[in-house]
Amino acid sequence: MKVGMLTAGGDCPGLNAVIRAASRKLIAEGHHPVGLIAGYRGLAERNFVDLDRGQIRGILQLGGTIISTSSYNPYREPNGVELVKRAVDEEGFDAIIAIGGEHTMMMTRRLYVEEGIPTIGVPKTIDNDVTGTDFTFGFDTAVQVATDAIDRLHTTAASHNRIMVLEVMGRNSGWIALFSAIAGGADGVLIPELDISVEEMSEALTRRHESGANFSIIVVAEGANLAFASGETRQVLANETTDEYGYPRLGGIGAALAEELEQETGFETRVTVLGHVQRGGTPTAHDRLLATRYGIKAAELAINREYGNMAALRGTEVVSVPLSDVTGVKTVDLNYLQVARAFFG
Ligand code: F6P
């Protein structure tokens, strides 16, 4: 079989581990893995690279993606779907493994259902917001980076008697914020799923400082709202532009929240924005393991011609779920907020 493999959307740690695992499994079974450069664009424009043993050697621990990524969407490009279809037929691809987030999974399902293209999905994103799977790879690494940052903020915060606000990624969901807040022992967290007013947070911080603490750490997801007791809420944007999906460019909630908290509590408040540091670099062992298991599963789905499915984690098992199960955003499990709250105030 000739199996195309692509990475689409934002990169995340572990993409290369999937590519390596799926390719190794395919090669071992006598098949031919091919990398499609820069997502579906590589398929439409027929920009390929053989994923032979030499090409995939030494990439397990490497961040980013050796086959590049893009947000090219065939449904949005002139003749995009036709170009993709013709490339699959004329180049003789028996399966296409698409490694991507929610948007990639949705276009991958459409290509299978509407065009009969033999696609298979693998869910990725540091945000862990893809439905149909319990966890995506890349998430654990991002949480570790954020947790390390909280650890570092602790010592400097304590030395200066300050509130430190850490802004982490999470456009639609608070997974990274909540997990790192618990793991790092933060004193407050703000996530897109639940508005907490500046006044309510300030009261908790004041109580904490009155009870003897001389510093506090707040973690805020970039997609969280700035909310006030008056009922006013707003999302903070980096600028007026939108990204390739039409989403507003987020960023700045950390600084906005810090300003409000400083005013409300009277404590000096500083902000740190982690940004793309959370997405780059070496995947954790956990992410390498998950990505490797996903890669093997995706290769098996291709070999068994079980198209229209996605590799997914359910509990501790890597299973196959229909791509149609990927609908909307997977918001954070609010039970984790109860755990985090036990340490606030
Ligand atoms: O989806 C992952 C993510 O890191 C989001 O948390 C963030 O909003 C977005 O990607 C940033 O994307 P870009 O690299 O296009 O700025």
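Values below: every heavy atom of this structure, side chains too, minus hydrogens, waters and symmetry copies. Note that ligands are numbered from 1 as they come in the structure, with each ligand's atoms numbered from 1 the same way. Numbering starts at 1 and runs along the sequence shown.
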Report task. Using the side-chain hydrogen bond (donor to acceptor under 3.5 Å, both in side chains) rule, take Asn225 and Asp195 through it: C-alpha gap first, then chi angles, then the decisive distance, then the call. Result -> CA-CA 6 Å; Asn225 286 321; Asp195 290 348; 3.2 Å; yes
Report summary line: For atom 4 (O) of ligand 1, the closest protein heavy atom turns out to be Met169 SD, 2.8 Å
Query raised in the report: So, are Glu210 and Arg208 salt-bridged, with charged N and O less than 4.0 Å apart?
Result: no
Query raised in the report: Is there a nitrogen or oxygen of Asp127 sitting under 3.5 Å from a nitrogen or oxygen of ligand 1?
Result: yes
Requested in this report: Please indicate whether Glu240 has more than 12 foreign heavy atoms, meaning atoms of other residues, nucleotides or ligands, lying under 6.0 Å from its CD.
Outcome: no
**Report entry** Which atom of Phe137 lies closest to which atom of Ile99, heavy atoms considered
**Finding:** CZ-CG2, 3.8 Å
Query - Sub-4.0 Å protein heavy atom next to atom 15 (O) of ligand 1 - result: no
Query raised in the report: Short list, please: which atoms of ligand 1 are under 4.0 Å from a heavy atom of His276?
Result: 13 (P), 14 (O), 16 (O)
Query raised in the report: Any Lys/Arg nitrogen of Glu115 or Arg110 sitting under 4.0 Å from an Asp/Glu carboxylate oxygen of the other?
Result: no
Query raised in the report: Should the pair Glu222-Arg171 be classified as a salt bridge under the 4.0 Å nitrogen-to-oxygen rule?
Result: no
Report task. Identify which one of Thr136, Thr141, Thr282 satisfies the side chain to side chain donor-acceptor pair (under 3.5 Å) criterion when paired with Asp287. Result -> Thr141
Report task. List every atom of ligand 1 that sits less than 4.0 Å from any heavy atom of Glu222, numbering the atoms from 1 in the order shown and giving each element. Result -> 5 (C), 6 (O), 7 (C), 8 (O)
Query raised in the report: Below 4.0 Å from any atom of ligand 1, is there a heavy atom belonging to Gly101?
Result: no
Requested in this report: Could you list which atoms of ligand 1 come closer than 4.0 Å to a heavy atom of Arg171?
Outcome: 6 (O), 8 (O)
Query raised in the report: What atoms in ligand 1 come closer than 4.0 Å to a heavy atom of Arg279?
Result: 3 (C), 4 (O), 9 (C), 10 (O), 11 (C), 12 (O), 13 (P), 14 (O)
Query raised in the report: Which atoms of ligand 1 sit under 4.0 Å from any heavy atom of Ile126?
Result: 4 (O)
